[in-house]
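Have a look at the structure below, then the notes.
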Amino acid sequence: MLCAAENLSAICKFDSMFKSRLQIAAEALVIAALSASATAQNPQAPIGTLTDLEAALQACWVPPPMEQSRLGMQITVLMSFKRNGELFGEPKIIFQSKEASEAERSAYRIAVAETLKRCASLPFTEALGNAVAGQPLTMTFIDDREQLPDSSRAGSRPGE
C-alpha cells in the first residue's frame, strides 16, 4: 500500500509481513535513545487499523533537508509496538538504497528516528493493540520529492 504525504511529495510503503530472509544484512538503528521517553506531539484520533497506523506514521515523517537527500532514496524500518501504542524494543533499519552515500544514509536514519520520536505512544484502539502487539511491522519511506540539479546541491550557481 502506498500513501502520499500531504505537505511533502514523499511516499511510504507499509507492510505487516515479516520477511524471514533479508536481502541485505540488518543494520541496527539507535532509536531507543530518541524515542524511549518521547510522547506523541500531536493528539490524534484513535488508531484502529493498519491503514490508520500507516497514515499516523506518515504524518510524522519529515525527510532530510534537500541538500542532504537523494532522489528516490528508500529506507525501511522494522519495528513492533506494545498494546498501548508504545514502541516495543528497538526499531532497526533493514534496508537502505545501496546507491546512497554514507552521509545520505545517515541523514535518512536520523529522519526515521525523529519520525518515531514524533509518533511515540500512538493512541491504538484496544482491538488494534491486541492485533499488533509484539508483531514485527515494516515501513518503507521513499523520498520522491523534486530535487535541485546536482550543481545547485553542490552550492554552485548556474552559469558559474
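Every heavy atom of this structure was used, including side-chain atoms; hydrogens, water molecules and symmetry mates were not.
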Step-by-step side-chain contact (heavy atoms from CB on, under 4.5 Å) determination, Leu53 to Phe124 = CA-CA 8 Å; Leu53 175 56; Phe124 286 176; 3.8 Å; yes
With sequence neighbours left out, what residues match Glu86 under side chain to side chain contact (heavy atoms under 4.5 Å, CB included)?
->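 Once residues adjacent in sequence are excluded, the partners of Glu86 under the side chain to side chain contact (heavy atoms under 4.5 Å, CB included) criterion are Lys82, Asn84, Ser121.
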Working to the nearest 0.5 angstrom, can you tell me the gap between [X] [atom1] and [Y] [atom2]?
| X | Y | atom1 | atom2 | answer |
| --- | --- | --- | --- | --- |
| Glu104 | Gln96 | CD | CD | 11.0 Å |
| Phe95 | Thr140 | CZ | OG1 | 8.0 Å |
| Met79 | Ile94 | CE | CD1 | 9.5 Å |
| Ile75 | Trp61 | CD1 | CH2 | 6.5 Å |
| Leu122 | Leu116 | CG | CG | 9.0 Å |

State plainly whether one hydrophobic cluster holds both Leu50 and Val77, where clusters connect Ile, Leu, Val, Met, Phe, Trp and Tyr through side-chain heavy atoms under 4.5 angstrom apart.
-> yes
Got a sec: does the CD of Glu126 have more than 12 other heavy atoms crowding it under 6.0 Å?
-> no
Could I get the full list of side-chain hydrogen bond (donor to acceptor under 3.5 Å, both in side chains) partners for Ser106, not counting sequence neighbours?
->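 Testing Ser106 for side-chain hydrogen bond (donor to acceptor under 3.5 Å, both in side chains), a comparison that skips the adjacent residues, returns none.
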What closest approach, in Å, do [X] and [Y] show between heavy atoms, and which atom pair accounts for it?
| X | Y | value |
| --- | --- | --- |
| Ser97 | Gln74 | OG-N, 2.8 Å |
| Gly72 | Ile142 | O-CG2, 4.3 Å |
| Asp52 | Pro46 | OD2-O, 4.5 Å |
| Glu54 | Met139 | O-CE, 3.9 Å |
| Thr125 | Gly48 | OG1-CA, 3.4 Å |
| Tyr108 | Gln68 | CE1-O, 4.2 Å |

Between Arg105 (side chain) and Lys98 (backbone), is there a donor-acceptor pair under 3.5 Å?
-> yes
Give a yes or no on whether the backbone of Phe88 and the side-chain of Ser80 come within a donor-acceptor separation of less than 3.5 Å.
->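 Yes, the answer is positive, given that a donor and an acceptor are paired below the 3.5 Å cut-off.
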